[in-house]
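Structure record follows, encoded as structure tokens.
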Amino acid sequence: MSKWLFFASMLAAGWPAEAHNLMPVPAKMTPGQGRLAIDASFRVGFEGYQEARLKDATARLVRQLVRQTGIPIPLEAPGGGTPAALLIHCGRASDTVQNLREDESYRLRVTAGQTQLTAPTPLGVLRGLATFAQLVELDAQGFGVPTVEIVDSPRFAWRGLMIDVARHWIPLEVLKRHLDGMAAVKLNVFHWHLSDDQGFRIESRKFPKLQQMGSDGHYFTQQQVRELLAYARERGIRVVPEFDMPGHTSAWFPGYPELAAGPGPHEIERSWGIFDPCMDPTREEVYRFLDGFIGEMAALFPDEYFHIGGDEVNGKLWDSAPRIAEFKRQHGMRSNEDLQAYFTRRVQALVRKHGKKMIGWDEILHPDLPKDIVVQSWRGPQGLAQAARQGFRAILSNGYYLDLMHSAADHYLVDPLGGAASELTAEQKGRILGGEACMWMEYATERSVDARIWPRMAAIAERLWSPQEVRDVADMYRRLAAVSRELDWAGVDHQWQYEQALERLAGEGPVEPVRVLAEVVEPIKNYGRGQARKYTQQTPLNRLVDTAQPASDRAREFSELVERLPASEADVRRWLMLWRDNDARLQPLLRNSALLAEAAPVSANLAAVAVAGLEALEYRQSGRAPSTAWRQEKLGVLDRAAAPQAEVLLSVVPPIRKLIQSIQ
Ligand code: ACM
């Protein structure tokens, strides 16, 4: 059997439990025998094309190895007679501006004596270095990399993460951490949502009242933007700026009311939702302004794409202004969609004039637009296929909204070429460039955003990089746990943010009972928080709901234990007893922490469902059948515990329900 056939058969059979921890899974991989030791003599050598970016990337790798292993590996090891442990061969320079068409492939060959990393371009070298970093593991002999041969390239060219810095401000150093995380899982587009109703977050020198009156002082200077662009390029990441228009524009208008469709007064919006303020598409001065603004931003951002938003225009002010109604009548426009299409075409011409291609949310989709634009599908999976059928290129974000608090598995199983897109012709499929996860920041701050994005983002990164048939959820979760640690070594703060949030909740009290509760709850899903209470930009996000993981790993693992009964009985009992007893341990905190008080019913429910689970376990063990009355009472307990409280869901209710239903 050839190496590749062997690999294919391993894939088909599912990876063995002791297999690699790589995420994304490489396109082709042949495990060998033995390992390359990582020790203080670790040294990187270069052959072929060289540039500063490659040297910097290997210095980052060494720093990460030092963090991970604790071994004092020198940054500049003396060459001497020892062969380099990692020998890099790069073919040629990258394009001056990173783009969709560049080759990101690489080959990584680890033997007991040396690793050879070969790639046609620096981008491929960067991807190969990310793989090498993930291969490093501790075993009985120390730190090392298992021998392996990897031949790898991405499935999709556009693998992105969008971060909204408007709803809650995120400083530059926090964004840099996310770029480090993105590089670790081979993502290559950072989509920077820079303006929205709640903030205009970038310095304009042409129109300085944008940031002066639209940002509360929280904006990126152009110098900082250049710093981030350089940071991203060093990591092989494109930066696509978004200036959302004609809706989501409240923050533009305090400085420039002449752009607005309505009379004002104009203020930065402080709450969340879809608001009336929007630009006036009928006024020529709006396009003169946008010509100047887009020109300024197009010169600052080198990427060939420029995102103009285009989502969620409610059109109320377009309906109410007689001037706008008259404009629509004169131009034979029947709807506000027609008016928005007119606006989009005008803006697209400006974007093109300044040397860029336009990208926008799927509301911009209109057959009249030129075919070099890209449509970002967010409202439903069908928008993607529809765009591709009409001849547009498109990326998928529907199903990849990290702010909606779904599990890694939910996101992982969404495929850009699944669903309606699976029925496209090969040519149409070729127009689907990839996908982008979105982190909207209504319910996250710079202090929680790492824990909101990571590690789930890594599962989406795999969907966008790895072969389509890599979709074993259990194996994804096994590797995600390892990648979560690796992200920590790479500089992402998700684990630390979680610990800090627990400590904040505990105040002066012990953290452990808070952790036990937090581990088994999840924030309510989708847009539920906005319905639960009134939130604004000033609302502290410091509660249990802000602390809990988007999806509970503990509950998922407990469900697996319940599936494995009776073999797992001791473990199931141990967890149930811990949860039963946690309420008493938490009581002093519930009384003394203003942040935790609202969690009292959640904690009581956890104890009650744990008691129900323990009783069910006794019935299972004894072989006695419970009475109908018992069953009804316990299912009532579970139903009450299943209702959201304090905007969290008790995520161990479904497995305990299964346990009760499993007794005859
Ligand atoms: C969006 O989520 N409004 C693009």
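When a ligand or atom number is given, it counts from 1 through the structure's own listing order.
At a 3.5 angstrom cut-off on N or O pairs, W378 does not count as close to ligand 1. Between Y401 and ligand 1, at least one pair of N/O atoms sits closer than 3.5 Å.
Of the candidates W361, F301, F243, W158, H191 forms a ring-ring contact (aromatic ring centres under 6.0 Å, His included) with just one, namely W361.
A heavy-atom distance below 4.5 Å is found between the side chains of D196 and R167.
When each atom of ligand 1 is checked for a heavy atom of W440 under 4.0 Å away, the hits are 1 (C), 2 (O), 4 (C).
Of the listed residues (D196, D311, N398), the one carrying the non-hydrogen atom nearest atom 3 (N) of ligand 1 is D311.
Salt-bridge annotation for R238 and D303: present, with a side-chain N of the basic residue lying under 4.0 Å from a carboxylate O of the acidic one.
The structure places CZ of F200 at 11.5 Å from OH of Y219, a figure rounded to the nearest 0.5 Å.
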